[in-house]
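Input: a single structure, listed below in structure tokens.
Side chains are part of it too, since the values below use all heavy atoms of this structure and drop only hydrogens, waters and symmetry mates.
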There are 2 protein chains.
Amino acid sequence: MGKHQNTVGSSTYEKIKHDIIFGQLVPGSKLKLELIKSQYEASVSTLRETLNRLASEGFVLAEEQRGFYVTEVSQKDLIEIAKLRVLLECHALKASVESGDDDWEGNLVAAHHKLQLMEKKMIAGDVSKKETWKRYDWEFHLAVIEACNSKNLLDLHSILYDKYLRYQMLVFTFRGDEAAQEHHKIFEAALSRNGTEAARLLEAHIINGLEHTLAAM
Amino acid sequence: MGKHQNTVGSSTYEKIKHDIIFGQLVPGSKLKLELIKSQYEASVSTLRETLNRLASEGFVLAEEQRGFYVTEVSQKDLIEIAKLRVLLECHALKASVESGDDDWEGNLVAAHHKLQLMEKKMIAGDVSKKETWKRYDWEFHLAVIEACNSKNLLDLHSILYDKYLRYQMLVFTFRGDEAAQEHHKIFEAALSRNGTEAARLLEAHIINGLEHTLAAM
DNA sequence: AACTGCAATATTATATGATATTTTCGCTTT
DNA sequence: AAAGCGAAAATATCATATAATATTGCAGTT
């Protein structure tokens, strides 16, 4: 006993979203229902529910009566997403730094520590744990803004982060030491409650990542 | 011939979304599948697709294996939404004013003109056309920011606008002349390419609407 | 008599396979 | 080439079966 039974719907949602973000499902390709039915072991209706959800988040394109496609990628789209991420994440950061309490600080310290450990391993050459690194990066960025006091903002940011991540995974080349140092500086500025400086550093971090990814596309 | 056949899916989506925004479906109420099946004349599967879409946009709450509920409303949520709308719409406005071409100007003039006519009628006492007014208000706000050159931004804004609108409809009391004047000033500033001023006016417009709605909740 | 815990029952959500529409694509004809 | 036709494939919708949750009723206990 124990593991709480997930519904078929939610687990296929996770799987397909994962496969889009990590590039197993290639941009622009058609998601033929009968074909992916066998791949993901779910019925047509269940798949349609999933694909409709992913469509309204923007990972899938739903063409009326013509089926579903993995959303295309483009440099323009990436630039839009990066800019939006800057806008929302910096805004959230400033609000979070202003109102974060001790729990927030504790959580942030923990998230930064875990990310740093992971980054050391990756800089040392262990690239095997791409997915774990991704999780720690996410947890760090979330920890910074978590005290922004706006569920709506965090929800929007979460989707943008995933879209940005998809592009990073598409051309995966680890920025290594550079990104690690940026994370560290953001961490320090946030912890010392310097919201303006932290936001400046965060913006540079995202834009550096953008340029790194654009160059590799 | 002529009228393009809509799918059952897309038309129930429109209907349910409409009924949530305009308050026919009351906040927090449960959306029992069998019950709304007859109301919206669609099968369970089709409804589930629709409700999943609405859930990921935030109009519906999907509780795993416990069904679907109309999203609750709260003052806190409204404040979050208004602030986000300010953040995104002002950002989009500045970008749009900078890069809008003659088509953009033409479209904006037309949208403003139609809105103004409608507002005159409503100030004169004809409140019958709430839904038409809503459409013109939407078309005006969209026309202002449409040249921002970011589909991602426009998509996010569209959902936020609808969420904000839902609160306005919930307590519907027309702000009349005041709002009309604000629209006019935003229009003039945008047309004269004064992005900073237009953004300032837009922010005040949204915050005034927020306070008007909060006071009536 | 009121309360708690458990089992039987009813209700509801989830998932499936079958059917009805619509689109796509190759072939024929002009 | 372009338009028209029809077979094949894919999507949209539905009715129904299965699995989960909520409710009810009944014992046993306080």
Would you say [X] and [Y] make side-chain contact, with heavy atoms under 4.5 Å?
{"X": "Met217(B)", "Y": "Leu78(B)", "answer": "yes"}
{"X": "Lys163(B)", "Y": "Glu57(B)", "answer": "no"}
{"X": "Leu61(A)", "Y": "Phe68(A)", "answer": "no"}
{"X": "Leu142(A)", "Y": "Leu154(A)", "answer": "yes"}

Could you give the [atom1]-to-[atom2] distance, from [X] to [N], as a whole number of Å?
{"X": "Glu64(B)", "N": "dA19(D)", "atom1": "CD", "atom2": "P", "answer": "17 Å"}
{"X": "Phe68(B)", "N": "dT11(C)", "atom1": "CZ", "atom2": "C1'", "answer": "16 Å"}
{"X": "Lys32(A)", "N": "dA8(D)", "atom1": "NZ", "atom2": "P", "answer": "16 Å"}
{"X": "Leu47(B)", "N": "dT12(C)", "atom1": "CG", "atom2": "P", "answer": "15 Å"}
{"X": "Tyr40(A)", "N": "dA15(C)", "atom1": "OH", "atom2": "P", "answer": "17 Å"}
{"X": "Glu34(B)", "N": "dA13(C)", "atom1": "CD", "atom2": "P", "answer": "8 Å"}
{"X": "Lys30(B)", "N": "dA13(C)", "atom1": "NZ", "atom2": "P", "answer": "4 Å"}
{"X": "Glu63(A)", "N": "dA10(D)", "atom1": "CD", "atom2": "C1'", "answer": "14 Å"}

Exercise for the section: Tell whether Ser45(B) reaches the base of dA15(D) with its side chain through a donor-acceptor pair below 3.5 angstrom. Expected result: yes
Handout entry: side-chain N/O Ser43(A) vs dT16(C) OP1/OP2, d < 4.0 Å
Key = yes
Problem - Residue mapping more 5' on DNA chain C - nearest nucleotide basis, Arg66(A) or Arg48(B) - result: Arg48(B)
Categorize [X] for me: base, sugar-phosphate, or nothing, with a 4.0 angstrom heavy-atom threshold over every strand shown.
{"X": "Val44(B)", "answer": "base"}
{"X": "Leu33(A)", "answer": "sugar-phosphate"}
{"X": "Thr46(B)", "answer": "sugar-phosphate"}

Problem - Per Gln65(B) side chain, nearest of listed nucleotides dA10(D), dT23(C), dT21(D) - result: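 Among dA10(D), dT23(C), dT21(D), the one nearest the side chain of Gln65(B) is dT21(D).
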Exercise for the section: Sort out for me which residue in His141(B), His205(B), His112(B) forms a ring pair (Phe, Tyr, Trp, His ring centres under 6.0 Å) with Phe187(B). Expected result: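 Single pass found, and it is His112(B).
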